[in-house]
Amino acid sequence: MSATHRRGGVVDHRLVRSLAPLCLALACSGVDVYDTHEHGEGEGETESLPLPSGPAIEAPYLVGDLACAEPSLVGAAERDLSPDESTELPAPAGLPELLADIRARGGRPVLRFDTHAAGRLLNVRVPVRSHQVHRSVDGVSDVSLDLGALTVRLAHAPGAGGLAPELVLPTTLPLDQVVVLKTYAREPTPDGLGRAALTMVSVFDRRDEAAGPVAALAIDDQVPQAREADCDALAYELAAEVPPVAVSFPPLSSCTVDECAKTRAAWLRANHDLFRVRQMLDFVASSPPGDRAFLWAAQGGSESGERLMSYESDDVGPNTALEFYFGPYAEYRLQAIRLAYSRLWQIFHDHEMGGLTLDIECTPDGPGDICNTTRPGGHHAVKSNMKLCDKAYSTPSQAFDVPRLVLHESMHHMFVPWKNTVGRLSPIMDTHTHGHGGLCTSKLITDKGYGLKKIKHLASYENDRGGDCWHNNFAFRNNDTYAYAAATLGTYIRFGYLARWPLELPPRESEEGYHPDPECGMPGVTTPPPGFSDPLSKCYKSGGVLVCPGANGGLSPGDLDIAAVCGDP
C-alpha cells in the first residue's frame, strides 16, 4: 500500500462560506462537502503530501450552544488509588514500532483521516442479556430479540415455525454470551446515497468474537421489515458523514422515533469523534519523547495542506491542536488525558459506569426534572442515567452540539491521576476554584468551565511570573474541555476540513548520515499490528483495510490512517 495516495479534491470554498458559524447548515442536513463521485477515485495516484505553504481554507467556527447541568458533587473528592488500580496506559502495541520504521525508511509519519466511504456501512452490536433468555419448562431456551427493523429468534434448535426469522446456534454457545451484529448498507445513487437498509444479521460468541460468526441471516426483500420503527437506520441517514463504524448503542427510554434517531445519530458522531482524538493522542504517545511537545502544539489541515481559518474567529486553526484545549505539553497530563478518553471509550462500548448500566432518557416530562426547570440541553444528575432535554432535539447544530453534549455528560463520575508521582485520583468535574496573580491567591473564582472562553482560560492562563496557577491541571479535569476537543476535531474530520495532522513536521533529531528517500513509501502490513486492533470497537485494521465482523464478507474500505511524507520538508 502506498502511503501517499490522495483521495478527493480541495474543499470548495463556496460551500464553506455557506456554513453558518453555529448551526453548520450543510452539516445538519447531512450534505457531504466533497462531491460523491470523488470518494472512490485516485486509487492509483501517488504523490508526496504537500507542506502547509498554501493559503488557508475557511472552516466553520464551532461554538456550542447547549448548556449542561452539573450532577451532585457528592463523592467527587480526590481519593487514593486502591491497591488493584492502575493508571498506566502504554502506547498501543505495534504503533511506536510502525512509526519508527517509517522514519527509518526516510519517511515522516502523519495521520491521514480517510472519510471516502462516509455513510455507506454501519455495524451495530446488540449483546444478549441474561434477562432476555426465555427458558421453557421442557428445558428449551430461546431469545426473541427485537432489532428494530425486525425480530429474530435465537435458539439451539429449530422452532415450531413462528413468524419471526430464526437462527439456530451451536449448543456450546450459551444464549447470554451471544452478540448480534446488525449490518446496514447504503448504496450510492446519482443524487448521493440511498436509504440505509439492514442487509445482514450475524451472531458471534462474545467470548471470542475474533473467531468469526457462528450463524448469519441475509436480509432480502423476502424478509419483512418495519423500517418506520428502525431508528438505527434513520440515525445513520442523519449522520451520513460518519465513515464505516461499529457501535454499541446504550438503552434508550421515553423516546419517540425521531428522538431515538437523533440520539443515536449523536452517539454515532460522538463515537467517531472520540476515536479520532484518541488516534491523535496515541500518535503523540507513540512518537519519540523529543517530538511530543511539538506534536502537542501542532495544527492540522486539509488534504492539500491548507490550514483552517475563519472570518468569525482566530480560534479556527489553533483549535486543531491539542494544546488549544489542554494547555502546554506535560507528559503526566498526556497520560492522564489518554487514560480518561480510554475509559470513556469503554463506556461507549460496554455502557458500564461504576457497576451500573448507562442509559439515555429522552425529554423527561417530570415537572421537577432539571430539563423542565433550568432547561439545559441535558444532564447527568444520577449516575449512569443521562437525560437529553428538548433543546438537544431542537438545536439547529445537531452535527456538533449534541455529540459534544453526549461526550460531556458521559465524562461525569470519572477520575484521572493527578501526577504520575502522586498516587491520587481527582474527579473530572464542571466546577473549579482557580486563583490568579503572582501568588495565585488573588481573584479567586469558582465557576463552571463551560464554553470555549473558559476552556481557553484554563488552558492558556499565565501570570506575570510565567506560572499558570494550576489552571492547566484544571483543564484536564474539566468535562467540557474533553467534549470540545473531541467534538471539534471530530466534526472537522467528518466533514472533510481536517484531513491531515500534523501539517508541520517535527525537526529531525539528527541530520548526520541522513539521506532522504523520495520514494520512502510505507512498511508492508500483512497482519493486523496489535495497536490497530481495538477489542471494543470490533473493527480492526488488516492489510490496509478496515475489518468489521460480518460486513461484506469481513472487509470494508479504509486505510491505516497513517501516511508517510517522503523527502525533505
Inset, instruction - Classify the angle between the aromatic ring planes of Phe275 and Trp345 as parallel (below 30°), tilted (30 to 60°) or perpendicular (above 60°). - result: tilted

Legend entry - Result of checking Thr446, Asn473, Asp468, Asp447 against His434 for side chain to side chain donor-acceptor pair (under 3.5 Å): Asp447

Legend entry - Heavy-atom closest pair, residues Ser342 and Leu89: CB-CD2, 3.9 Å

Inset, instruction - Ignoring hydrogens and angles, tell me if any N or O in the side chain of Ser302 forms a donor-acceptor pair with the backbone of Glu306 under 3.5 Å. - result: yes

Inset, instruction - Search all heavy atoms of Pro376 against all heavy atoms of Ala67 and return the closest pair with its distance. - result: CB-O, 3.6 Å

Legend entry - Asn372 atom CG, over 12 foreign heavy atoms within 6.0 Å: yes

Legend entry - Modelled atom types, side-chain donor and acceptor of Asp359 and His351, under 3.5 Å: no

Legend entry - Note, Phe249 side chain near Val126 side chain (heavy atom, < 4.5 Å): no

Inset, instruction - Please answer whether the main-chain N or O of Gly300 pairs with a side-chain N or O of Thr320 as donor and acceptor at a distance below 3.5 Å. - result: yes

Inset, instruction - Identify whether the distance between the nearest side-chain nitrogen and carboxylate oxygen of Asp258 and Lys262 falls below 4.0 Å. - result: yes

Inset, instruction - Scan side-chain atoms only and decide if Thr363 and Glu259 contain a donor-acceptor pair under the 3.5 Å cut-off. - result: yes

Inset, instruction - Measure centre to centre between the rings of His471 and His436, then say whether the value is under 6.0 Å. - result: yes

Legend entry - Distance in Å, Glu303 CD paired with Arg112 CZ, rounded so as to fall on 0.5 Å steps: 4.0 Å

Inset, instruction - Indicate yes or no for a side-chain donor-acceptor contact from Tyr184 to the backbone of Asp232 under 3.5 Å, with no hydrogens or angles considered. - result: no

Inset, instruction - State the CZ-CZ distance between Arg424 and Phe415, to the nearest 0.5 angstrom. - result: 10.5 Å

Inset, instruction - Could you tell me whether a side-chain N or O of Asn271 sits under 3.5 Å from a main-chain N or O of Arg269, the two making a donor and an acceptor? - result: no

Inset, instruction - Can you see which heavy atom on Leu344 is nearest to which on Ser410, and at what distance? - result: CD1-CB, 3.4 Å

Legend entry - Residue among Lys456, Lys453, Lys448, Arg404 satisfying salt bridge (Lys or Arg N to Asp or Glu O under 4.0 Å) with Asp480: Arg404

Legend entry - Whether Glu352 side chain and Gly354 backbone form a donor-acceptor pair below 3.5 Å: yes

Inset, instruction - Run the ring-centre check on Tyr482 versus Tyr341 and record whether the distance is less than 6.0 Å. - result: yes

Inset, instruction - Would you give the length of the straight line joining atom OH of Tyr329 to atom CG of Leu322, rounded to the nearest 0.5 angstrom? - result: 11.0 Å

Inset, instruction - Please answer whether the main-chain N or O of Gly64 pairs with a side-chain N or O of Tyr484 as donor and acceptor at a distance below 3.5 Å. - result: yes

Inset, instruction - Output the distance between atom CD (Glu361) and atom CG (Asn385), rounded to the nearest 0.5 Å. - result: 5.5 Å

Inset, instruction - Answer yes or no: is there a side-chain heavy-atom contact under 4.5 Å between Asn472 and Phe476? - result: no

Legend entry - Val63 side chain near Asp65 side chain, heavy-atom distance below 4.5 Å: no

Inset, instruction - Mind listing the closest non-hydrogen atom pair of Arg477 and Pro427 along with its distance? - result: CB-O, 3.8 Å

Inset, instruction - Using modelled atom types only, decide if a donor and an acceptor are shared between the side chain of Arg276 and the backbone of Arg494 within a distance under 3.5 Å. - result: no

Legend entry - Proximity of His432 and His457 rings by center, below 6.0 Å: no

Legend entry - Closest contact, heavy atoms only, Leu388 versus Pro364: O-CD, 3.9 Å

Legend entry - Ion pair check, Arg292 and Glu331, cut-off under 4.0 Å: yes

Legend entry - Rounded distance [0.5 Å steps], CG in Leu405 versus NZ in Lys391: 11.5 Å

Inset, instruction - Find out whether Pro502 and Gln299 are in side-chain contact, i.e. whether some heavy atom of one side chain is under 4.5 Å from a heavy atom of the other. - result: no

Inset, instruction - For Tyr236 and Leu121, indicate whether the former's side chain and the latter's backbone hold a donor-acceptor pair under 3.5 Å. - result: yes

Inset, instruction - Using distance alone, with no hydrogens and no angle criterion, decide if Tyr393 and Thr263 have a side-chain donor and acceptor under 3.5 Å apart. - result: yes

Inset, instruction - Indicate whether the side chain of Arg338 and that of Gln335 have a donor and an acceptor atom separated by less than 3.5 Å. - result: yes

Inset, instruction - For this output row, return yes or no: ring centroids of Phe283 and Trp501 closer than 6.0 angstrom. - result: yes

Legend entry - Spatial distance of atom CG (Leu339) from atom CE (Met414) [nearest 0.5 Å]: 8.5 Å

Inset, instruction - Kindly determine whether Cys371 and Cys389 satisfy disulfide bond (SG atoms under 2.5 Å apart), including the steps that lead there. - result: CA-CA 5 Å; Cys371 280; Cys389 310; 1.9 Å; yes

Legend entry - Heavy-atom check, side chain of Ile455 versus side chain of Phe326, under 4.5 Å: no

Legend entry - Pair Glu409 + Lys387: basic N to acidic O under 4.0 Å: no

Inset, instruction - Might you work through the side-chain contact (heavy atoms from CB on, under 4.5 Å) test for Leu358 and Ile347, ending with a clear yes or no? - result: CA-CA 8 Å; Leu358 175 69; Ile347 290 171; 3.9 Å; yes

Inset, instruction - Determine whether Trp296 and Leu281 make a side-chain contact, defined as any pair of heavy atoms from C-beta on separated by less than 4.5 Å. - result: yes

Legend entry - Heavy-atom check, side chain of Glu312 versus side chain of Pro60, under 4.5 Å: no

Legend entry - Evaluation steps, salt bridge (Lys or Arg N to Asp or Glu O under 4.0 Å), between Glu58 and Arg307: CA-CA 8 Å; Glu58 189 180 351; Arg307 297 180 182 276; over 6 Å; no

Legend entry - Cystine candidate Cys362-Cys260, SG separation under 2.5 Å: no

Legend entry - Trace of the side-chain contact (heavy atoms from CB on, under 4.5 Å) decision for Leu489 with Leu498: CA-CA 8 Å; Leu489 295 166; Leu498 180 58; 3.9 Å; yes

Inset, instruction - Might you point out which heavy atoms bring Gly377 and Ala392 nearest each other, and give the distance in Å? - result: O-CB, 3.6 Å

Inset, instruction - Decide yes or no on side-chain contact (heavy atoms from CB on, under 4.5 Å) for Ser287 and Leu99, but give the supporting numbers first. - result: CA-CA 7 Å; Ser287 298; Leu99 300 187; 4.0 Å; yes

Legend entry - Verdict with reasoning, His379 to Cys68, per side-chain contact (heavy atoms from CB on, under 4.5 Å): CA-CA 6 Å; His379 65 94; Cys68 313; over 6 Å; no

Inset, instruction - Report yes if the side chains of His408 and His380 come closer than 4.5 Å at any heavy-atom pair, otherwise no. - result: no

Legend entry - N/O donor-acceptor pair under 3.5 Å between Asp315 side chain and Asn319 backbone: no

